[in-house]
There are 2 protein chains.
Amino acid sequence: MCCTMSAPKILDLGSLKKACKTCGLHDLCIPLGISDEELNLLEQIISRRRPLQRKEHLYRPGDRLHALYAVRSGTVKTYTLTDDGQEQVTGFHLPGELLGLDAISDGAHPCAARALETTSICEIPFDRLQELSSRIPGLQHQLFRMMSREIQTDEHFMMLLGKKSSEARMASFLLGLSNRLGARGFSRNEFNLTMSRNDIANYLGLAVETVSRLFTRFQSAGLVRVERKLIMIDDFDGLLKVSGTHTVEDVVTARDTAS
Amino acid sequence: MCCTMSAPKILDLGSLKKACKTCGLHDLCIPLGISDEELNLLEQIISRRRPLQRKEHLYRPGDRLHALYAVRSGTVKTYTLTDDGQEQVTGFHLPGELLGLDAISDGAHPCAARALETTSICEIPFDRLQELSSRIPGLQHQLFRMMSREIQTDEHFMMLLGKKSSEARMASFLLGLSNRLGARGFSRNEFNLTMSRNDIANYLGLAVETVSRLFTRFQSAGLVRVERKLIMIDDFDGLLKVSGTHTVEDVVTARDTAS
DNA sequence: CGCGACCTTGAAAACTATCAAATAATGTGG
DNA sequence: CCACATTATTTGATAGTTTTCAAGGTCGCG
């Protein structure tokens, strides 16, 4: 994408000085579990890019793997294109999360990543990271752990898609976002959906119309309030119940009895 | 290389002598892309276990991560238990495939693994593997690649579950098995399903009855012949078409017009 | 102000699950 | 080795959930 303009030293601009050590996300991101000294080495290879604007791509399918990316602020959506050109959303990535791990095996990105809002990114050249990992066992271990975590998350999500009703998927999605945002210091009760209904539907394997209906249904049931992009969670236990095994009842009846 | 340590010989039993070098799977498994000398080091930490009998567990949810496992022959099914105790099949693992990568992040297995038939396994103590990876960059890279590949595969599977019809899932499943078996030197046209219809259904997010019907439907359409556990693929192109975007037609009509 | 993208809502259709039952395999104990 | 109990698979009929199609509504932006 952009290689001509970037000299080895990319860290010297004032706005880019802030490093892992001062990053509020450092206990969610790579630095976790490596010593201060080692962190210095890591910081030297990490650079910041100009923030991405909404709808701007971080990488596209087929792009060579040049670096891994960590979201610093904002949201990134990853997606692939199916054989017939349709979009398939594979994930939404919040601050502290690492992007591009799926590109390592082929050396090229199998999917696209693009910003859902203005987004700030840390760039970690992969070859240098790998080199450093050989020298810093803690770093290697942390990378293994992060990849393992992603595999685990994917397995969990596969269960969601394979076994759960539309209601349960939606509830899980909202609770998941709430948790992840909470872990990053944002409110767990009230947040903005940076993605469109279409993206949510696509991600959850549902039709847009279904997602829309679920929002109204959840709202009628008193689980959440929805105001366009803004979500306010009013009943965590209720959502949990819906997200769990419970196939029906609670939410559905709340609407049916009302009508 | 300061590794003349007391080389814990675990390989000295006659039946266990065969090592990676002589393993027909070595270009599908960990050894891929590391030198002969390095391979010796790797072989020293790998041991073979007594073969698993059908239905025997390799590990269970919550078991501490002690080692990664590579399937040498046979098939292993991995599955988790949902909150309400139901089984959720997360994968079927053929010779040359690595098991347990999802346990690294927590240090404990989030899922269970058990043999679907008599199965031979290589055991790779994880801490030693990690240690070795620090010293052998090629090994580290290969591990990154294998984990990345799994993430990629999972993403692909998520698309299957989220976007594809029951027919497409089934066709993809059969083609996928065929390919993987073929890559391991088995026939691509004719193979045994080592898993039950129930397992297939569970894995694909379908009801058992649906799986059963799909088999008969595929057979009526001349795509495959099914004899209990034995599958013979007669029309790869047809299956491919069904597995792709094509939502209906070919297969369904083949049956409908017949009646 | 009006256009276009996004979202919501309703009605009908489609797909798949569920329920029920028959048949076929497998395993077990005598 | 057989008879019985058990489990797995198939098939049919019915019901439910979710999609699709169609249309109206809302928001943001030029």
Side-chain angles (χ1 to χ4, degrees), chain A residues 54-55 77 86-87 89 116-117 160-171 192-220 225-231 242 245-249 251-253 255-256 258-259, chain B residues 53-55 77 86-87 89 116-117 160-171 192-220 224-231 242 245-249 251-253 255-256 258-259:
Chain A
R54 190 170 124 86
K55 297 200 174 178
K77 162 178 107 174
Q86 267 200 320
E87 198 174 299
V89 176
L116 290 175
E117 58 187 323
L160 193 80
L161 291 179
K163 297 251 173 310
K164 299 219 178 168
S165 68
S166 62
E167 284 180 356
R169 293 185 202 183
M170 191 63 163
N192 267 292
L193 297 175
T194 53
M195 65 296 288
S196 69
R197 304 285 196 265
N198 220 319
D199 285 339
I200 298 173
N202 191 311
Y203 179 61
L204 294 178
L206 300 171
V208 198
E209 294 93 329
T210 305
V211 168
S212 186
R213 278 186 254 268
L214 286 170
F215 274 130
T216 46
R217 221 187 280 178
F218 280 12
Q219 181 156 260
S220 308
R225 274 166 297 159
V226 185
E227 273 173 30
R228 193 144 187 76
K229 296 286 200 183
L230 180 67
I231 298 287
V242 173
T245 304
H246 257 260
T247 318
V248 263
E249 308 314 325
V251 180
V252 180
T253 47
R255 180 169 183 256
D256 289 357
S259 55
Chain B
Q53 297 306 310
R54 191 168 122 85
K55 295 197 174 183
K77 163 179 105 174
Q86 267 201 320
E87 198 173 300
V89 176
L116 290 176
E117 59 187 323
L160 193 81
L161 292 178
K163 297 250 173 313
K164 299 219 180 168
S165 68
S166 63
E167 284 180 355
R169 292 185 203 184
M170 191 64 164
N192 267 292
L193 297 174
T194 54
M195 64 296 288
S196 70
R197 303 285 196 264
N198 220 319
D199 284 340
I200 298 174
N202 191 312
Y203 178 60
L204 295 178
L206 301 172
V208 198
E209 295 93 329
T210 304
V211 168
S212 186
R213 278 186 254 270
L214 285 171
F215 274 131
T216 47
R217 220 189 280 179
F218 280 12
Q219 181 156 259
S220 309
V224 302
R225 273 166 298 157
V226 185
E227 273 173 30
R228 188 139 193 78
K229 296 286 200 184
L230 180 66
I231 298 288
V242 173
T245 304
H246 258 261
T247 319
V248 263
E249 310 313 325
V251 181
V252 180
T253 48
R255 180 165 184 260
D256 289 357
S259 56

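The sequence lines fix the lettering, A, B, ..., with proteins before strands; numbering per chain opens at 1.
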Per-nucleotide protein contact string for nucleotides 16-27 of chain C, where B marks a base within reach and S marks sugar-phosphate only (heavy atoms under 4.0 Å, - for neither): SSBB-----SS-

Between P of C:dC7 and CD of A:Q219, the distance in whole Å: 15 Å

Nucleotide C:dC6, atom P - distance to CG of A:N202 in whole Å: 13 Å

Note, B:R217 side chain near B:E167 side chain (heavy atom, < 4.5 Å): yes

Sugar-phosphate only, base, or nothing, as touched by B:K229 at under 4.0 Å among non-hydrogen atoms: sugar-phosphate

Value in whole Å for how far the P atom of D:dT9 lies from CD of B:E227: 15 Å

Partners meeting side-chain hydrogen bond (donor to acceptor under 3.5 Å, both in side chains) with B:S166 (sequence neighbours left out): none

Value in whole Å for how far the P atom of C:dT8 lies from CD1 of A:I200: 9 Å

Sequence-distant partners of B:R54, side chain to side chain contact (heavy atoms under 4.5 Å, CB included), two or more places apart: none

Distance in angstrom units between B:L214 CG and D:dT11 C1', rounded: 14 Å

Touch class at under 4.0 angstrom, heavy-atom based, for B:S212 against every strand present: base

Nucleotide D:dA8, atom C1' - distance to CG of B:D199 in whole Å: 11 Å

Angle of first-five versus last-five pair axes in the helix from C:dC1-D:dG30 to C:dG30-D:dC1, to 10 degrees: 40°

Side-chain N,O (B:T216) to OP1/OP2 (D:dT10) below 4.0 Å: no

Heavy-atom donor-acceptor pair, A:R169 side chain to A:L161 backbone, under 3.5 Å: yes

Hey, can you pull the donor-acceptor pairs under 3.5 Å for the side chains in residues 202-215 of chain B, sequence neighbours left out?
from	atom 1	to	atom 2	distance (Å)
B:N202	OD1	A:K163	NZ	3.1
B:N202	OD1	B:V89	N	2.8
B:N202	ND2	B:E87	O	2.8

Pair listing, salt bridge (charged side-chain N to carboxylate O under 4.0 Å, His left out) test, anchored in residues 192-201 of chain B, at least two apart: B:K77-B:D199

Reported CG-to-OG distance for the pair A:L116 and A:S196, which is rounded to 0.5 angstrom: 8.0 Å

Side chain A:E117, main chain A:T194, donor-acceptor under 3.5 Å: no

Separation of atom CZ in B:F215 from atom C1' in D:dA8, rounded to whole Å: 13 Å

Euclidean distance, atom CG of residue A:L230 to atom P of C:dC7 [Å, nearest integer]: 14 Å

pair A:I231-A:N192: side-chain heavy atoms closer than 4.5 Å: no

